[in-house]
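See structure below.
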2 protein chains.
Amino acid sequence: MRAKSEEKRQSILNAASEVFRVTGFEGASMSDICAKAGYSRATLYSYFPSKEALFLEIMLAGGQSQAEAITAALDPATPNIKESLIHFGKALLTFIYSPEILALRRLAIAEATRSDFGHLFYTRSRKQGEVVLTAFLKQAMDAGKLRQVDSSVAVAHLSGLLESELEEMFYRSEIVPLDPLYIDRITNSAVNVFMAAYGL
Amino acid sequence: MRAKSEEKRQSILNAASEVFRVTGFEGASMSDICAKAGYSRATLYSYFPSKEALFLEIMLAGGQSQAEAITAALDPATPNIKESLIHFGKALLTFIYSPEILALRRLAIAEATRSDFGHLFYTRSRKQGEVVLTAFLKQAMDAGKLRQVDSSVAVAHLSGLLESELEEMFYRSEIVPLDPLYIDRITNSAVNVFMAAYGL
DNA sequence: ACTAGACTGCACTGTATAGTATAGTTATGA
DNA sequence: TCATAACTATACTATACAGTGCAGTCTAGT
C-alpha cells in the first residue's frame with residue numbers, strides 16, 4: 001500500500017501559505033491552493049480537514065519561527081550591551097520584515113476580528129519574543145549595564161524605536177525585502193536613542 | 001419630486017462603516033449594510049455605484065479625520081516643548097486607538113494586498129500627520145528647544161515610542177477603548193525617553 | 001502479481017453574494 | 001393636485017466557493 005508522506009503535507013502547507021499571504025484568508029480558494037500544490041482537492045482534504053485548520057497550522061508555524069528567531073538573536077554573554085542590542089535589532093528587523101513574515105503579520109491583523117487566530121499568532125510569536133527580551137534587559141540592568149527601570153517598558157520602547165520607520169510596510173500593496181544597509185541605519189539610530197535614555 | 005438627501009447618504013456611510021469594521025471588506029455583504037441602514041438594496045445602489053466605491057469613501061473620510069486630528073493636537077506657539085509633546089501624545093493615542101479609527105487602520109492593513117486602498121489610507125492619514133509633526137519638530141529644533149538632527153527620524157521615533165506598548169491592540173479580537181490613565185502613563189514614559197535622546 | 005489505500009478528476013450539493021431588473025408605492029416640489 | 005423621481009420588496013442572473021461523493025487509476029509493500 002501507499003503511505004501519506006510528510007513531504008507532501010509540507011508542500012501543501014507551503015503552497016497554502018503562499019496563496020494565503022497573497023490573497024488573504026477569504027480570498028484564497030482551496031482550488032487555488034490545490035493548483036499551486038499540484039494535488040487534487042480530495043488529496044488536500046485528506047491531509048487537512050478544512051480551510052481553517054490549514055490556515056491555523058500555517059499561522060502557528062509562522063509564529064513559532066518568529067519567536068525562535070527573536071530568541072536566537074540574543075546573546076546573554078555579551079560584555080557590550082550596545083553592540084549586542086545592535087546585533088539583535090538587525091536580526092529582528094531582517095526577520096520580521098522579511099516578505100514571508102510580514103505577510104503573516106498582516107494576515108494575523110486582518111483575521112483578528114473574524115477569529116482568535118490573529119491573537120493566537122501574536123501570543124505565540126511577538127509576545128514570546130518580548131518575554132525573552134525582557135529577561136535579557138533585566139539581566140543587563142542587574143549587571144549594571146542599563147538603568148534600573150521597568151524592563152517591560154524598556155522592551156516595548158526598544159521594539160517601538162526599531163520598527164518606528166517601517167510602519168508604512170504594513171500598508172504597501174507589494175512587499176519587498178528591506179535593504180540591509182537601510183536596516184543598519186535604522187537599527188543604529190534606534191539603539192542610539194534607546195541608550196541615551198536607558199544607558200548609564 | 002423627491003430629492004436624495006445628504007443625511008441618507010451619511011446614514012448609509014455610517015452603517016457601512018460599522019459593518020466593514022466588524023466583518024472586513026469581503027465579509028461584509030451589501031444586504032447587511034442595507035439592513036443596518038434601514039434601506040433597500042436598490043436605494044443603496046442609487047447612492048453608491050458599488051461596494052468598492054462605498055468602501056473607498058469610508059477609508060478616505062477616516063483617513064482625513066485622522067490627519068486633521070493629528071494637526072489639531074499640535075500647538076506651535078507653546079514655550080515648553082516637553083509639555084506640548086505630552087499633550088500631543090495623549091491626543092494622538094486617544095484618537096488613533098479609538099475603536100473606530102483602530103478598526104479602520106486594521107482594515108487598511110487587511111486590504112493592502114487586495115487593492116491600493118490600504119496605502120491610500122496611509123498616505124492620507126498617517127503620512128499627512130507625519131509631515132505636520134516633522135515641521136513642528138523642525139521648528140522646535142531651530143528655536144533651540146531640541147537637538148538639531150534629522151527631524152523625520154525624530155518624528156518616527158516619537159511615534160514609535162508612543163505606540164510601542166499598544167501593538168497588541170492590532171491583534172485583539174474585541175476592540176475596547178483605552179483607559180485615559182493608561183494613555184497618560186504611556187505618553188509620559190515615551191516623551192521622557194524622547195527628551196532624553198533629543199532634548200538639550 | 002496482488003491488494004490496500006492513496007490519489008485523480010469530475011460532478012454535485014448547498015450556500016452565499018454582487019449587482020440588475022421590475023413592478024408597484026410613497027413623498028414632495030411646483 | 002399631480003407628475004416626477006425616490007423608494008421598497010422581491011425576484012433574478014451570474015458567479016463563486018467549501019466540502020462531499022464516487023468511479024476509476026496508480027503505487028508501494030508483501
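Numbered from 1 within each chain, the chains take letters A, B, ... in sequence-line order.
- Residue contacts for B:Phe48: at a heavy-atom cut-off of 4.0 Å it reaches no nucleic acid atom on any strand shown.
- Closest to the B:Ala42 side chain, of the nucleotides D:dC7, C:dG19, D:dT8, is D:dT8.
- At a threshold of 4.0 angstrom between heavy atoms, the contacts of B:Gly38 are confined to the sugar-phosphate backbone, with no base atom among them.
- Using modelled atom types, no side-chain atom of A:Asp32 and backbone atom of A:Ala28 make a donor-acceptor pair closer than 3.5 Å.
- The CZ atom of A:Arg9 sits 14 Å away from the P atom of C:dA6 (whole-angstrom rounding).
- Look at A:Lys8 and you won't find any side-chain N or O under 4.0 angstrom from OP1 or OP2 of C:dA6.
- For A:Tyr39, whose side chain is taken as the heavy atoms from C-beta onward, the closest listed nucleotide among D:dC7, C:dT8, D:dG19 is C:dT8.
- When the P atom of C:dT17 is taken as reference, atom CG of B:Leu44 falls 15 Å away, rounded to whole Å.
- If you take OH of A:Tyr45 and C1' of C:dA6, they are 18 Å apart, rounded to a whole angstrom.
- For A:Ser40 and C:dT8, the shortest distance from a side-chain N or O to OP1 or OP2 is below 4.0 Å.
- We find that CD of B:Glu52 is positioned 11 Å from C1' of C:dA18, with the value rounded to whole Å.
- In this structure, the NZ atom of A:Lys51 is 17 Å from the C1' atom of D:dT20, given to the nearest Å.
- Within the cation-pi definition used here (under 6.0 Å to the ring centroid, within 45° of the axis), A:Arg105 qualifies as a partner of A:Tyr97.
- In this structure, CG of B:Asp32 is placed 17 Å from P of C:dT15, rounded to the nearest angstrom.
- Here the side chain of B:Arg147 pairs a donor or acceptor atom with the backbone of B:Ala197 at under 3.5 angstrom.
- For B:Arg41, the listed nucleotide lying nearest its side chain is D:dT10; candidates were D:dC7, D:dT20, D:dT10.
- For the pair A:Thr43 (side chain) and A:Tyr39 (backbone), a donor-acceptor distance under 3.5 Å is absent.
- Comparing atom distances between the A:Tyr47 side chain and each of C:dC7, D:dC7, D:dG19 picks out C:dC7 as nearest.
- Rounded to an integer number of Å, the gap from CG of A:Leu54 to C1' of D:dG19 is 14 Å.
- In this structure, CZ of A:Phe25 is placed 10 Å from C1' of D:dA18, rounded to the nearest angstrom.
- Comparing atom distances between the B:Ser50 side chain and each of C:dG19, C:dC7, D:dC7 picks out C:dG19 as nearest.
- A:Arg124 places no side-chain N or O within 3.5 Å of a backbone atom of A:Ala61 that could act as its donor or acceptor partner.
- Distances from the side chain of A:Ser29 to the nucleotides D:dC17, D:dA6, D:dG19 place D:dC17 closest.
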